[in-house]
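Here's the structure we're looking at; comments come further down.
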Amino acid sequence: MSSFRKRALDEFASHRPERFFVENQPVSEYFGQNVFDVEKMRRYLSAEAFDAVQSAINEGVRIEREIANQIASGMKAWAVERGATHYTHWFHPLTDATAEKHEAFVDPSKNGGVFENFRGDALVQQEPDASSFPNGGLRNTFEARGYTAWDPTSPAFIIDQTLCIPTVFVAYTGESLDQKTPHLKSLQALDKAAVELASLFDPAVKRVNVMLGIEQEYFLVDEALYRARPDLMLCNRTLIGHTAAKDQQLEDHYFGAIPSRVMNYMKDFETEAYKLGVVLKTRHNEVAPNQFEFAPYFNEANLSVDQNLMMMILMRKIAKRHKLKVIFHEKPFAGVNGSGKHCNYSMVTNRGVNLLSPGRTPGTNLQFLSFFVSIIRAVYEHHHLLMASVASLNNSYRLGGGEAPPAVMSVFIGRTLTTILDSIEEFSAHSGKEGEQINKRLNIVGKIPQILPDNTDRNRTSPFAFTGNRFEFRAVGSSVNVASTIFVLNAAVAQQLVRFKKLVQAKIDGGSTQDEALLDTIREFIIESKAIRFEGNGYSKEWQEEAKRRGLRGISDVPQAYKAFLEKDTLKLMRETDVLTEREVEARYEVMNEIYLKKLQIEARVLGDLTVNHIIPTAIKFQNSLIQNVLGIKEIFGPDEYKVMSERQLIAIKKISGYIEQLREDFHSLVEARKEANVIESYSERAQAYSSTVLPFMEKMRVVADKLEMVVDDELWPLPKYRELMFWR
Ligand code: ADP
Ligand code: MG
């Protein structure tokens, strides 16, 4: 066997399940020990400092410098006790990764020796020299510095003896260079709009939080096999590789027993997650072989996003000691399911009421319906933008693949709620005896809680589904920072809530009762957003056609989809909700294209390397052995026998020649296409050129390379095959 692959397989065979997790105490004993949560604050901060942080968290009150010093000192005392030696401002640049620059606590002391130091300034603001993060032109002038600023709403935590302080990352002009800033702003906009509407029902509502539960799917690959695959190493996905004879068709992996090597890894990772205060609730096998999922208990959206990013760091780190690699890529293997991050989305008031939970009375159901239809209306209004916000090179290999949400948006709400919305729609507001009409409609509204428990139908093919007390957005990719999508959703929802409230108010001012005004507005929203509702099979061809007829805009090409960000309605949405300025949107648009382009460039290079330096030479070697064999036969046997004995072999030799020629030709065309594209100045146009001229050759090359894998002697094949990468337990 090719020594490269053989070495990897031998090493893989030597990897045994190992137990690293050591905690024998109950989880509650060590839960949260590595996070500076309320309990630690109470212990390590003065009453004054504690109150200041709480007001900052709950009411957005600014923290004074003097108090910041006190907080920093308490935080340091705790961190040093827990063994931390460094601190870092932890931020989320536009790359989906997280960034950190570590500083030691120690400073030299005047009288020799060192002392641990951490001042309020260092806590509140830093200026990392982070000039090489993508910024879409926001930092092009030379004094355009970038600053990180403390986000007190997300608690500091310790990973690897380093105190990590969640921060936003902005240019000196205040323009955002990260994912957290627009997310926080969108949460503010939504809070404001939701409070206005919710206080119609309960004047004591002062705050509405978005709640997010993020399900994370991922693949695990043995580290030795991973290292033997340049494509996995450099692109996080396999660029070639024939599907294994058996993969997920028997569905024997989904929810099956978790392999012991994986189980050890999960327990190890979960132990560390608990220490970071993350409540992991579920773990299971996913559909594809070696694909898994975990879901933490849902949390306030900003915290939930930070925790998800913390988990990704932790998972990569802990995989090392299990000789595993975690793959967060949306589509690492062709032919089996890809991975997503399902975002479970709801809103809760300071009174503890989930606004998406149908109530017990017609009154609370009116509240539920008001929020419910506003979200549907928001998804309808910005359906194209929402899809564009989840679009990426990675996700383009997954979405619409008949196993993942389709690339066009729709909302699934289930049979019961469909019936209810349809009935509300049927009653026309101003015909018949009005009082009677309203009563009839309220009657329907009142029926919701009785019917809902039976409502068990679940539609897995919908990108945006209502699941009883929350919506689940399933099109989001597994490798991304979900803030990049959730801020769009928040803004869209905030916009509709404002609109809803305005319409209701106008009706009340016009003499309607509040219930009438609410019901009429609910009805208007139902009618306006009807086109986005779809209960059928989202994977079907018919739906694609139907969606087109309904005027829903899907996405097929990523750089094309990104243009949604520059549309008038998007800019208006971002301006109205104060989430992003036009300049920030434009910068983000550039960055998205830049990342798309660079990833595709890397993939094209790696594919070139794989075919030219690995696959073609292997094919030639194999072909030579066939040629030798045929020549030998010719020498030993007479021409009649030779003809009979070699016919198939000669065909095989020709076939391999054909594949090699084809590969060379497509590779040549790919290089030419890249050359042509590379001279284009603007990122967005270059990304577009790559998508329409380079990508098609990559797909063609893969088909040929995979055919070669099927004919070439297994002994010679240099790369670990799908069956080896995926069935390794
Ligand atoms: P499934 O795979 O069936 O969709 P999971 O149990 O894997 O469900 O994940 C559901 C996720 O939704 C969890 O993170 C859970 O905490 C979260 N969740 C549950 N209720 C809510 C809610 N009201 N708002 C937001 N997220 C929620
Ligand atoms: Mg789910």
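Atoms within a ligand are numbered from 1 in the order they appear, just like the ligands themselves.
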Option nearest atom 13 (C) of ligand 1 (shortest heavy-atom distance, choices Ser304, Pro296, Ser357):
Pro296
Test of understanding: with side chain to side chain donor-acceptor pair (under 3.5 Å), list the residues that count as partners of Ser199, not counting sequence neighbours.
none
Of Tyr297, Phe471, Phe298, the residue with the heavy atom nearest atom 26 (N) of ligand 1 is Phe298
For the residue pair His92 and Trp90, categorise the inter-ring angle as parallel (less than 30°), tilted (30 to 60°) or perpendicular (more than 60°).
perpendicular
Under a 4.0 Å heavy-atom limit, does Glu217 contact ligand 1 with its side chain, its backbone, both, or neither?
neither
Can you tell me how the ring of Phe466 sits relative to the ring of Phe368, calling it parallel under 30°, perpendicular over 60° and tilted otherwise?
tilted
Tell me, please, which residues at least two apart from Lys331 pass salt bridge (Lys or Arg N to Asp or Glu O under 4.0 Å).
Glu403
Within ligand 1, which atoms have a heavy atom of Ser346 less than 4.0 Å away?
22 (C), 23 (N), 24 (N), 25 (C)
So the atoms of ligand 1 within less than 4.0 Å of a heavy atom of Arg460 turn out to be 3 (O)
Only heavy atoms of Met211, strictly under 4.0 Å: list the atoms of ligand 1 that pass.
25 (C)
Would Lys317 and Asp160 pass as an ion pair if we require N to O under 4.0 Å?
yes
Heavy-atom pairs closer than 4.0 Å: do any link ligand 1 to the side chain of Asn354, the backbone, both, or neither?
side chain
Does only the side chain of Glu293 get under 4.0 Å from ligand 1, or the backbone, or both, or neither? Count heavy atoms.
side chain
Any idea which atoms of ligand 1 are less than 4.0 Å away from a heavy-atom of Asn344?
10 (C), 11 (C), 12 (O), 17 (C), 25 (C), 26 (N), 27 (C)
Do Arg474 and Glu215 sit within salt-bridge range, that is, some charged N less than 4.0 Å from a carboxylate O?
no
Check this for me: does any side-chain nitrogen of one of Asp37 and Arg42 sit under 4.0 Å from a carboxylate oxygen of the other?
no
Salt-bridge present (Lys501, Glu196; N to O < 4.0 Å)
yes
Could you tell me which atoms of ligand 1, counted from 1 in the order shown, lie closer than 4.0 angstrom to a heavy atom of Glu472?
4 (O)
Below 3.5 Å, N or O to N or O, backbone or side chain included: is there any such pair between Ala295 and ligand 1?
no
Regarding ligand 1, does Glu215 bring an N or O atom to under 3.5 Å of one of the ligand's N or O atoms?
yes
